[in-house]
Amino acid sequence: MGSPDRFVPYGPSHWVLMALIVVGAVAFVVAGRRLRDPRVAVLFARTLAVVVLLFNVPLLVYRQLPAQWDVGESLPLHLCDLAWAVAALALWTRQPLACALVYYWGLTLTPQALITPAFDAPDFPHVDFIEFWGQHLLVIWTAAYLTWGVGVRPSWRGYRFAAVVTLGWGAAVLAFNSWAGTNYGFVSRKPDNPSLLDLMGGWPWYLGVAAVAGLAAWALLTWPWTRRSASRIPC
């Protein structure tokens with residue numbers, strides 16, 4: 001049992017947040033489908049992009065303050081840090097490759113972080129709680145909005161791009177972790193909390209297993225869209 005003022009996985013606040021994932025995603029999909037006027041749709045998407053930035057940028061700056069600085073936590077090197085930045089870009093521009101990253105990261109890696117959160121901090125309304133959960137929820141909602149609300153669909157080109165970027169990020173972060181003694185992205189050791197990585201063997205074997213499993217899952221998430229003959233916006 002955790003302290004009453006600390007976050008407990010699958011405690012009341014966790015279940016509320018899991019519900020918010022679904023409710024928020026559905027709401028953004030509905031909003032995207034109902035915005036028929038292209039100018040209004042662009043304004044809505046760009047407003048959401050600004051919201052993503054206004055939420056995350058001040059928290060990023062806050063983490064760099066001397067009182068908050070921790071080389072193992074303050075740098076924006078986790079994949080979720082890249083995900084919110086790419087989400088804002090995708091919302092503002094609808095650039096196909098940015099949308100692809102949001103699709104794959106937002107619908108596979110980000111939900112995993114919410115289902116088995118590597119989060120040992122105070123519960124709501126502590127800033128750590130708000131940062132962790134707000135950051136992840138905004139990425140998932142963006143992915144749902146762009147994919148099912150706006151109609152931006154994945155393609156094999158987007159799949160290849162996401163694979164190269166993600167594997168490149170993993171290699172770069174692994175090198176940084178080795179130099180700095182950190183564990184960004186959990187590529188240098190598994191998180192302390194239970195996760196799917198526990199089923200994939202020890203280090204470094206779990207990295208290879210995770211890469212193969214992830215790429216296979218992304219391929220399965222791509223194939224149905226590429227089979228559709230309906231008019232779509234490729235991603």
Side-chain angles (χ1 to χ4, degrees), residues 21 25 28-29 32 41-42 45-46 48-53 56-57 60 75-114 135-177 184-188 196-197 200 204 206-235:
I21 295 174
F28 278 109
V29 169
V42 168
R46 290 187 171 182
L48 182 55
V50 171
V51 169
V52 171
L53 292 174
N56 286 285
V57 172
L60 177 59
L75 297 173
L77 296 180
H78 284 295
L79 197 60
C80 58
D81 296 309
L82 299 183
W84 67 255
V86 173
L89 176 64
L91 287 165
W92 191 270
T93 67
R94 293 195 192 175
Q95 205 282 334
L97 296 180
C99 293
L101 291 178
V102 175
Y103 177 77
Y104 295 111
W105 292 350
L107 297 181
T108 57
L109 302 181
T110 301
Q112 165 63 20
L114 299 183
Q135 187 179 81
H136 288 81
L137 263 64
L138 285 170
V139 171
I140 293 175
W141 292 343
T142 297
Y145 170 74
L146 290 172
T147 306
W148 289 280
V150 174
V152 183
R153 310 303 192 199
S155 69
W156 291 114
R157 176 172 177 259
Y159 169 86
R160 291 190 294 272
F161 178 75
V164 169
V165 170
T166 305
L167 292 174
W169 162 84
V173 170
L174 184 61
F176 179 84
N177 287 342
Y184 286 102
F186 304 113
V187 297
S188 298
L196 289 177
L197 296 179
M200 299 181 183
Y206 75 83
L207 298 177
V209 175
V212 171
L215 292 175
W218 287 2
L220 291 175
L221 287 172
T222 306
W223 180 76
W225 297 114
T226 61
R227 299 281 296 178
R228 293 172 66 92
S229 60
S231 170
R232 59 190 176 88
I233 306 173
C235 173

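The first residue in the sequence is number 1, and the count goes up from there.
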Parallel, tilted or perpendicular: which one describes the rings of [X] and [Y], with boundaries at 30° and 60°?
X: Tyr104; Y: Tyr159; result: perpendicular
X: His78; Y: Phe186; result: tilted
X: Trp141; Y: Phe28; result: tilted

First locate atom [atom1] of [X], then atom [atom2] of [Y], and finally report the distance between them rounded to the nearest 0.5 Å.
X: Arg227; Y: Thr222; atom1: CZ; atom2: OG1; value: 14.0 Å
X: Thr226; Y: Arg153; atom1: OG1; atom2: CZ; value: 12.5 Å
X: Thr93; Y: Arg46; atom1: OG1; atom2: CZ; value: 8.0 Å
X: Leu97; Y: Arg157; atom1: CG; atom2: CZ; value: 4.5 Å
X: Leu60; Y: Leu75; atom1: CG; atom2: CG; value: 9.0 Å

Criterion side-chain contact (heavy atoms from CB on, under 4.5 Å) on Tyr103 and Val152, from CA distance to verdict: CA-CA 9 Å; Tyr103 177 77; Val152 183; over 6 Å; no
Please name the pair of heavy atoms, one in [X] and one in [Y], separated by the smallest distance, quoted to 0.1 Å.
X: Ala144; Y: Ala25; value: CB-CB, 3.9 Å
X: Val102; Y: Val139; value: CG1-O, 4.3 Å
X: Leu82; Y: Pro76; value: CD2-O, 4.5 Å
X: Ala88; Y: Val52; value: CB-CG1, 4.2 Å

Compare all side-chain heavy atoms of [X] with those of [Y] and state whether any distance is below 4.5 angstrom.
X: Leu89; Y: Leu101; answer: no
X: Leu91; Y: Tyr145; answer: yes
X: Trp218; Y: Thr108; answer: yes
X: Tyr184; Y: Leu79; answer: no

Step-by-step side-chain contact (heavy atoms from CB on, under 4.5 Å) determination, Trp92 to Leu53: CA-CA 11 Å; Trp92 191 270; Leu53 292 174; over 6 Å; no
Check residues 164-175 and write down every donor-acceptor pair under 3.5 Å in which the side-chain atom is one partner and the other belongs to a residue at least two apart or another chain.
residue, atom, partner, partner atom, Å
Thr166, OG1, Trp105, NE1, 2.9
Thr166, OG1, Ala162, O, 2.7
Trp169, NE1, Leu77, O, 2.9

Residue pair Trp84, Leu138: steps toward the side-chain contact (heavy atoms from CB on, under 4.5 Å) verdict: CA-CA 7 Å; Trp84 67 255; Leu138 285 170; over 6 Å; no
